[in-house]
There are 2 protein chains.
Amino acid sequence: MSSERLIYLPLGGAGEIGMNAYVYGYGKPGQERLILVDLGVAFPDMDTSPGVDLIFADITWLKERVDQLEAVFVTHAHEDHVGAVAHCYEALGAPVYARAFTANIARRKMEEHGHPTETVRTASPWPEQINAGPFTVGFLPVSHSIPESAGLVIDTPAGRVVHTGDFKLDANPIVGEPFDPDLWSEVAKSGVKALVCDSTNVFSSHPGRSESEVGPEITQLVQDANGMVIATTFASNVARVKTLAEAGQKAGRSVVLLGRAMRRMIEAATETGILSDFPKVISAEEALDVPRANLMLIVTGSQGERRAASAQLARGKYRGLEVKEGDLFLFSSKTIPGNERGVIRIMNQLSEKGVDVVDDSSGLYHVSGHANRPDLEKVHALVDPQMIIPMHGEHRHLREHAKLAEAGGRTGILAVNGTMLDLTGNAPKVVDYIETGRTYLDGTVKIGALDGVVRDRIRMALNGHITITVILDEEDEPLGEPWCDTMGLPEMGSSRAGLVEVLEEDLNQFLMRAGAKTLRDEDKLEEGLRRIARQTAQAEIGKKPEVTVVVSRMR
Amino acid sequence: MSSERLIYLPLGGAGEIGMNAYVYGYGKPGQERLILVDLGVAFPDMDTSPGVDLIFADITWLKERVDQLEAVFVTHAHEDHVGAVAHCYEALGAPVYARAFTANIARRKMEEHGHPTETVRTASPWPEQINAGPFTVGFLPVSHSIPESAGLVIDTPAGRVVHTGDFKLDANPIVGEPFDPDLWSEVAKSGVKALVCDSTNVFSSHPGRSESEVGPEITQLVQDANGMVIATTFASNVARVKTLAEAGQKAGRSVVLLGRAMRRMIEAATETGILSDFPKVISAEEALDVPRANLMLIVTGSQGERRAASAQLARGKYRGLEVKEGDLFLFSSKTIPGNERGVIRIMNQLSEKGVDVVDDSSGLYHVSGHANRPDLEKVHALVDPQMIIPMHGEHRHLREHAKLAEAGGRTGILAVNGTMLDLTGNAPKVVDYIETGRTYLDGTVKIGALDGVVRDRIRMALNGHITITVILDEEDEPLGEPWCDTMGLPEMGSSRAGLVEVLEEDLNQFLMRAGAKTLRDEDKLEEGLRRIARQTAQAEIGKKPEVTVVVSRMR
């Protein structure tokens, strides 16, 4: 029991696509020195988290062991990998390592939150390595849909782990380094204990396509357009943004970048020297003087986000610019499951304005940033590890990826959030289950997903709300009649009288009949009033609303 | 102005996929005799209609002209075409005509609501015709994803209109009639004024596939399975249910139908003689005695509906049956946009139980029920109408379909809900815009989508709720301090004190400072209290909650 061990513990990302947070530890059980790989966010939705601003992995386990934490390593600058770095700074405080572009983005986040930017340290790519307690970590360049993505080569006394981060096999990614199979082989040559591997596209059976394939198609599309062209993609996909801008330029159009994230990403890529030869851009104000047939807008909001530039353009104007009949709107993106309604809303608003909408249904104008099934098989073979641990996926992705590993004659293990694996031996061993979950940033407050706060909001959304006010005098006798206020409920029920009036009458009946024992007992009285209100509402409007009972006593 | 005219007025379905309701009228302007084609529902979602049970088209215009209404014709038994028939019976009261299977389903709805089933009259297919005022209407059999779908041949003094209903071109639909191009040509031969045509799949560029194509694939899949097989599809797709059941039978499995809709649809199809040779089914109770490798469950809930059989099985048990490691779950369906999250939730729950999930991503196990773009072109040519009016689609579908018509050298016109067209002349003319919208069935009450009821519920879901109670004495002076109750809000804010305490303190400060004028003025006092509460909440928790203020006066 006292011998040292290498552990792996996903706190987020192994059970969802998003919210990545993976712990590695080395040392005696319970005293391991720890590093954290990625610290991302997930995004809320109305179905499960209305009113929530951001979702983090619950890092309680790590907070309780913050003295053991050596450093945080961030593989790339997507929000689901870097988004929580500033939000968790106060809890963790550890140095954050990332490559230059990612570090630039992380520092902007620190700055916004008033935290010291020195916490973020720029790492050079492999073969340079960073020492962090018993770990030596190198950033291995890999292609993805954002510049300077890296896999991590994590050397430990128990052997080498390769943590892929998000990746694809792209020989020509337009911006940033191509995937270099020779480099990966070289890293793997000395033997790899575990390959911890992106699972996002395990269900995509065809080999992945290169970022460079969309350029000619987009160029042609823009060339053929007559009105203004508006294109949206993920702002972080700097290569795509460049491709779009160049397509505009080739067609003799002035390029305008719209949306804060779009400008910030291009700025970061330029500052860090990744992006050069980006076509000249003009401001929205300057664009007002350019004929619309000579304009190419590249805008945020490919996922239908209500406040993004694309949604605002679809509804009307954005910074003085307006879409018109005969314009072309290109979604150079895929819709993340769950965002369909928002995207479709925009498409229809554009259609109402006579704008032609082109999306990726033809497969011509977007490629994925993740390795598909045959690509994963290639990487399994290239790295040839002792064991494969699928990460970055929902349960179904992780399970399928583990099966794929096994089908290739390798050890694959399904480890969802909270599963602590001991990787020291020849085969991975589950040694513990840690309680994990989600933390919501709700306004400015962090709350647990299971605290009941959001549950109550969902209930009010489904059932509406009634406030009941009752005043009791010094003798605990009702002073006047109870009254009701409703919110989110119809005014009239089945008895064709006002809902409030019917409620007040029934509640008054209840109060008149209630004995002294009930009237004196706070809980009993509240419970009785709530029950009557819900019964009456059910009879009147077929719903059982949420109820707040306020009993005021003149004692 | 006094000459008679033929009008077309969509009240629902021309602006969404769902909630179909199309009015045709003939007569002097304002005195037209009317018929309604289809009377369907749409389904609510958390984003826009939390707590709502069903959505109908707003039929106010029709209700105000109920004396002019001759009859309702229902093309087929999908909920978005027949779902509102019983809910609107009291408002309209007109006879409802449908073919036998559709009529069977419509009568069940009437029965459930306690309305006379005689309202629903069974129509025989073309060449039989029904007289309804100036209209003569025939039900022209057409293939779709439910038995006995019909296009309507609507003869009027101004010419013949063909209203397709939902349809596809299927020569071998397994159950029900194939699409018969000769019959359609024959109907069109004498000249068609307008083709009012399904637009759902206008963006699908390949020709549609036959229902018969999925049989061999499904049979093979079930044959190769080892554990229990569970398959889900739309219950109304009787052909698919039959194909699934036969695949089970061929593999030596006993077939179990689970879910109310599944049993009801098969019952209706059997009662009306459409379905014969359906494999013997056993009950859930009988299934408990059958080895799981010999079981094939066909279940409701292909769209991830929380209460359906598939969701219940994924969570645990349904009627004693349980999924286990090694079982196979087939989604023989496509996910309707907006339902992705629910479907993915089930897939992951099944994955957690070790169940293999197969969906339609391979394209093998599902075909659409709607005519694709090349199929639409075929029908345009076959019917060769004077004008084409796209229906059953979102704005983008209708627009694209109108463009397709124009591209084929025909007159296509975009008419969204509320657009009244005069079809009398050689070209369609927009003659009026009617106010249309959505009616929500909310519990047992019908409310307008814009009444503000649902808006308030959404706000509570996003912002939480505060109740403020203040008691004023006979002199309008505060009696004690104000107090607060919160719902859906965190307990603790940035000042690390209880949110309620901080609110109460700030509200008390306000009350102490408030002059007699404010204390006496109900609106002013309420407004002040609300403003303070929202300010304080914003400072403490970064949210501005919804507020109910209750002021009690001891006067």
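By convention in this document, chain letters (A, B, ...) are assigned in the order of the sequence lines, proteins followed by strands, and residues within each chain are numbered from 1. All figures in this text were calculated on a predicted structure; none of them were measured in a lab.
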Can you tell me which of [options] forms the most heavy-atom pairs within a distance under 4.5 Å of chain B?
options	result
T486(A), V445(A), D456(A)	V445(A)
Q538(A), R457(A), E352(A)	R457(A)
G464(A), S494(A), P337(A), S552(A)	S552(A)
P44(A), G15(A), S49(A), G354(A)	G354(A)
E491(A), E340(A), M492(A)	E340(A)
V357(A), D53(A), L414(A), L489(A)	L489(A)

Using non-hydrogen atoms and a 4.5 Å limit, figure out which bit of [X] sits close to chain A: side chain, backbone, both or neither.
X	value
L479(B)	side chain
T467(B)	side chain
I541(B)	both
E540(B)	backbone

Exercise for the section: Kindly indicate, with the supporting measurements, whether the criterion side chain to side chain contact (heavy atoms under 4.5 Å, CB included) is fulfilled by R396(B) and I344(A). Expected result: CA-CA 9 Å; R396(B) 61 193 176 116; I344(A) 289 174; 3.8 Å; yes

Problem - Closest contact, heavy atoms only, P490(A) versus I447(B) - result: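 Taking every non-hydrogen atom into account, CB-CG2, 3.7 Å.
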
Exercise for the section: For K544(A), look at atom NZ and say whether over 12 heavy atoms of other residues, nucleotides or ligands are found less than 6.0 Å away. Expected result: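 No, not enclosed.
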
Problem - Neighbour count >12 (heavy atoms, 6.0 Å) for atom CZ, R455(B) - result: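 Enclosed.
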
Practice task
Hey, could you give me the CD/CE distance between E546(B) and M487(A), rounded to the nearest 0.5 Å?
Solution key: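 Going from the CD atom of E546(B) to the CE atom of M487(A) covers 6.0 Å.
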
Practice task
Any chance you could measure D45(B), atom CG, to M46(A), atom CE, to the nearest 0.5 Å?
Solution key: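 So the CG of D45(B) and the CE of M46(A) are separated by 9.0 Å.
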
Handout entry: Option from E394(B), R399(B), H397(B) for which side-chain hydrogen bond (donor to acceptor under 3.5 Å, both in side chains) with N348(A) holds
Key =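 So, applying the side-chain hydrogen bond (donor to acceptor under 3.5 Å, both in side chains) to N348(A) and each of E394(B), R399(B), H397(B), only E394(B) qualifies.
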
Among the options [options], pick out the one with the most heavy-atom pairs lying under 4.5 Å from chain A.
options	answer
G443(B), S351(B), G542(B)	S351(B)
V355(B), N463(B), I458(B)	V355(B)
G51(B), A461(B), S205(B)	A461(B)
L398(B), L350(B), D442(B), V52(B)	D442(B)

Problem - Stepwise side chain to side chain contact (heavy atoms under 4.5 Å, CB included) test for V550(A) and V550(B) - result: CA-CA 10 Å; V550(A) 184; V550(B) 184; over 6 Å; no

Exercise for the section: Run the numbers on D356(A) and K403(B) for salt bridge (Lys or Arg N to Asp or Glu O under 4.0 Å), then give the verdict. Expected result: CA-CA 11 Å; D356(A) 290 320; K403(B) 281 165 71 178; 2.6 Å; yes

Practice task
Name the region of D485(A), side chain, backbone, both or neither, that has any atom closer than 4.5 Å to a heavy atom of chain B.
Solution key: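 It is the side chain, since no backbone atom gets that close.
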
